[in-house]
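For reference, the structure is listed below as structure tokens.
Small disclaimer: the values here were computed from a predicted structure and weren't measured. Whatever order the structure lists ligands and atoms in, that order sets their numbers, starting from 1. The chain is numbered in sequence order, starting from 1.
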Amino acid sequence: MPVTILIGAQWGDEGKGRIADWLARQTDGMARCAGGDNAGHTVMVGEREFKLHLVPSGVIHPNVQCFMGAGMVINPIRLVEELDMLAAQGVDVSPARVHISGRAHVITPGHMALDGASERALGGESIGTTRRGIGPAYMDKAARTGILTGAMRDPAGFAEQILAAVDGANWLLTERYGLDPIDPAGLADQYRAAAERLAPYIADTTHLIHTLLEAGQRLLCEGAQGTLLDIDHGHYPFVTSSSPTAGGALTGLGFGPRAVERVVGVAKAYCTRVGNGPFPTELEDATGEQMRRAGHEFGTTTGRPRRCGWLDGVALRYAARVNGLTEIVITKLDVLSGIDPLRIATSYTLDGDPLATLPPDTASAERAEPVYETIPGWQADISGARRLEDLPGQARHYIDRMQQIAGVPAMMISVGPERDQAIIL
Ligand code: GDP
Ligand code: IMO
Ligand code: MG
């Protein structure tokens with residue numbers, strides 16, 4: 001069973017890109033299954049930094065075939081920019097190894113404008129989206145009014161579809177939101193050119209993936225976002241519009257559960273969240289600031305400062321269950337050096353009553369108070385550790401607690417953004 005699914009076990013930005021890059025050594029194909037350029041995955045290779053939004057991180061490894069699956073929403077302009085950026089960094093992004101499903105959905109200029117308009121209209125109740133048009137694109141998909149990536153095979157027809165979509169969005173922008181319409185001048189040329197560029201990449205990725213699997217080759221599904229941002233299993237409406245959990249890999253790429261061998265959850269040693277919504281263990285104090293500074297916790301996609309807080313063990317256990325995790329990877333353990341003592345939330349209280357599981361709804365998640373276990377911290381810089389024995393006892397104890405809480409073993413501990421800054425277990 002050659003499929004491994006890599007999932008964010010928190011609110012996104014757990015270091016999935018960096019871990020996908022590591023696992024790419026043992027994989028033949030890598031796929032993105034859901035979401036779009038709301039994702040920002042960072043991979044450091046020596047002095048070079050790659051920031052990927054749509055293309056799987058495996059692209060940096062020359063022998064990995066890369067797939068963008070049907071569950072994704074793709075902004076063609078951004079994808080062309082990303083391919084150009086990768087090519088300029090010396091990466092082979094030819095259609096021989098990069099494949100886009102013809103069944104994914106296209107993000108139009110209207111989707112981006114409507115994402116911003118809706119967020120502005122929500123004011124203090126806003127979701128804090130990345131404003132990349134993700135929600136409106138999935139709205140059109142569900143309404144069966146979207147544009148498929150396969151339409152780019154006919155660049156002139158595609159440009160016409162984009163103009164019609166912009167026209168529809170302009171009605172909403174002006175009539176519903178009282179905003180200026182999008183100026184369509186130049187859009188047809190811009191989208192026709194993007195379609196001409198991307199048409200050779202459009203493929204039947206489902207067939208290609210099954211051909212790869214039937215040949216006994218291995219596929220890694222690089223999840224985007226995180227479990228607590230899942231539209232069904234996160235705290236709605238403070239979620240994204242897709243399924244970043246393990247099930248989303250199956251529907252987004254088109255294979256069955258029996259193909260899956262491993263489900264790896266990536267969890268930071270603490271928690272972060274970008275955007276609004278419940279975050280019970282959030283720290284709005286000097287410790288949270290220290291995590292943000294030491295962990296460079298600023299969004300890869302939007303540059304926004306990430307909210308930081310203690311590890312939420314209840315959320316981690318929930319992620320292990322919802323995804324059927326077989327193992328975890330712990331990232332950014334190095335960031336906790338110098339914070340003493342450390343805390344992990346192991347349960348909550350809700351209106352004075354104990355609660356051992358994730359609060360069932362968003363309002364109760366806002367009221368839930370974490371119950372913390374206190375764990376001794378350590379002072380040493382651990383970014384040079386390559387074996388468990390190199391770590392202080394307190395750090396090993398912290399790792400043990402994370403594994404016990406998740407209920408599955410850790411396969412790797414990351415102690416820095418560089419490729420070799422890891423302890424393999
Ligand atoms: P993703 O969206 O899950 O791929 O994560 P991002 O790339 O958005 O954010 C993770 C950030 O942490 C990136 O800047 C990585 O280079 C960095 N990073 C990943 N693992 C580690 C680690 O173990 N230690 C430190 N200090 N940084 C890490
Ligand atoms: P990666 O793959 C962190 C968050 C946004 C917002 C909510 C909805 O890098 O982990 P959207 O634009 O999707 O409609 O925004 O989801 N969000 C992410 N947060 N990492 C991400 O991706 C995210 N993608 C979306 O901040 O709260
Ligand atoms: Mg990210």
Protein contact to [atom] [nearest heavy atom, distance to 0.1 Å]:
atom	value
atom 16 (O) of ligand 1	P417 CB, 3.4 Å
atom 10 (C) of ligand 1	D13 O, 3.8 Å
atom 2 (O) of ligand 1	G40 O, 2.8 Å
atom 15 (C) of ligand 1	T42 CB, 4.1 Å
atom 23 (O) of ligand 1	S414 OG, 2.5 Å
atom 28 (C) of ligand 1	K332 CE, 3.5 Å
atom 26 (N) of ligand 1	D334 OD2, 2.7 Å

- Task: Would you please test Y270 and W310 for ring pair (Phe, Tyr, Trp, His ring centres under 6.0 Å) and show each step?
- Result: CA-CA 5 Å; Y270 50 100; W310 298 120; 9.4 Å; no
- Query: Do you know the tightest heavy-atom contact between S364 and L350?
  - Reply: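 Residues S364 and L350, closest heavy atoms: O-CD1, 3.4 Å.
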- Query: So which heavy atom on V239 is nearest to which on L229, and how close?
  - Reply: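 It is CB-O, 3.3 Å.
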Contact check: [X] vs ligand 1, nitrogen or oxygen atoms, below 3.5 angstrom:
X	result
T331	no
G15	yes
G17	yes

- Query: What atoms of ligand 1 come within less than 4.0 Å of a heavy atom belonging to H41?
  - Reply: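 Every atom of ligand 1 under 4.0 Å from some heavy atom of H41: 1 (P), 2 (O), 4 (O), 7 (O).
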- Option passing side-chain hydrogen bond (donor to acceptor under 3.5 Å, both in side chains) with K268 (candidates Q10, E297, E14):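 So the option named by the test is E297.
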Given side chains that start at C-beta, do those of [X] and [Y] come closer than 4.5 Å, heavy atoms only?
X	Y	value
D340	W378	no
I339	Q290	yes
M412	I19	yes
V274	W11	no
V55	L83	yes

Could you go through ligand 2 and list every pair where one of its N or O atoms sits under 3.5 Å from a protein N or O, giving the atom names and the distance to one decimal?
from	atom 1	to	atom 2	distance (Å)
ligand 2	2 (O)	H41	NE2	2.8
ligand 2	2 (O)	Q225	N	2.8
ligand 2	9 (O)	D13	OD1	3.0
ligand 2	9 (O)	G40	N	2.9
ligand 2	9 (O)	G40	O	3.1
ligand 2	10 (O)	D13	N	2.8
ligand 2	10 (O)	K16	NZ	2.6
ligand 2	12 (O)	T130	N	2.9
ligand 2	12 (O)	T130	OG1	2.5
ligand 2	13 (O)	N38	ND2	2.9
ligand 2	13 (O)	T240	OG1	2.6
ligand 2	20 (N)	D13	OD1	3.2
ligand 2	20 (N)	D13	OD2	3.4
ligand 2	24 (N)	Q225	NE2	3.2
ligand 2	26 (O)	G128	O	3.4
ligand 2	26 (O)	V274	O	3.1
ligand 2	26 (O)	R304	NH2	3.0
ligand 2	27 (O)	V274	O	3.1

- From R307, R273, R306, residue fulfilling salt bridge (charged side-chain N to carboxylate O under 4.0 Å, His left out) relative to E282: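 Among R307, R273, R306, the one meeting salt bridge (charged side-chain N to carboxylate O under 4.0 Å, His left out) with E282 is R307.
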- If only atom types and distance count, is the side chain of K16 paired as donor or acceptor with the main-chain N or O of Q225 below 3.5 Å?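 Yes: the side chain of K16 pairs with the backbone of Q225.
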- Message: Quick test of your reading: applying ring-ring contact (aromatic ring centres under 6.0 Å, His included), list the pairs with at least one residue in residues 381-413, sequence neighbours left out, ordered by first then second residue.
- Response: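 Matches after skipping sequence neighbours: none remain.
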- Check if H296 has a non-hydrogen atom at a distance under 4.0 Å from any atom of ligand 1.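 Flag not set, H296 not near ligand 1.
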- Can a non-hydrogen atom of G416 be found less than 4.0 Å from any atom of ligand 1?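 Flag set, G416 near ligand 1.
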- How far apart are the C-alpha atoms of T281 and D312, what are their side-chain angles, what is the distance that settles it, and do they pass the side chain to side chain donor-acceptor pair (under 3.5 Å) test? CA-CA 6 Å; T281 61; D312 188 330; 4.7 Å; no
- Task: Would you please classify the geometry between the F255 ring and the H210 ring as parallel, tilted or perpendicular, with 30° and 60° separating the classes?
- Result: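 H210 vs F255 ring planes: perpendicular.
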- Apex the Mg ion (ligand 3) - arms O from G40 and OD1 from D13 - angle rounded to 10°: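 About 160°, to the nearest ten degrees.
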- Item | Heavy-atom nearest option to atom 1 (P) of ligand 1, drawn from Q225, K16, M412 |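 Answer by nearest heavy atom: K16.
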- Message: Taking 4.0 Å as the limit for heavy-atom contacts, which would you say applies to V415 with ligand 1: side chain only, backbone only, both, or neither?
- Response: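 It is the backbone that touches ligand 1; the side chain stays farther off.
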- Mind checking whether R306 contacts ligand 1 via backbone (N, CA, C, O), side chain (CB onward), both or neither, at a 4.0 Å heavy-atom cut-off?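 The part of R306 near ligand 1 is the side chain, not the backbone.
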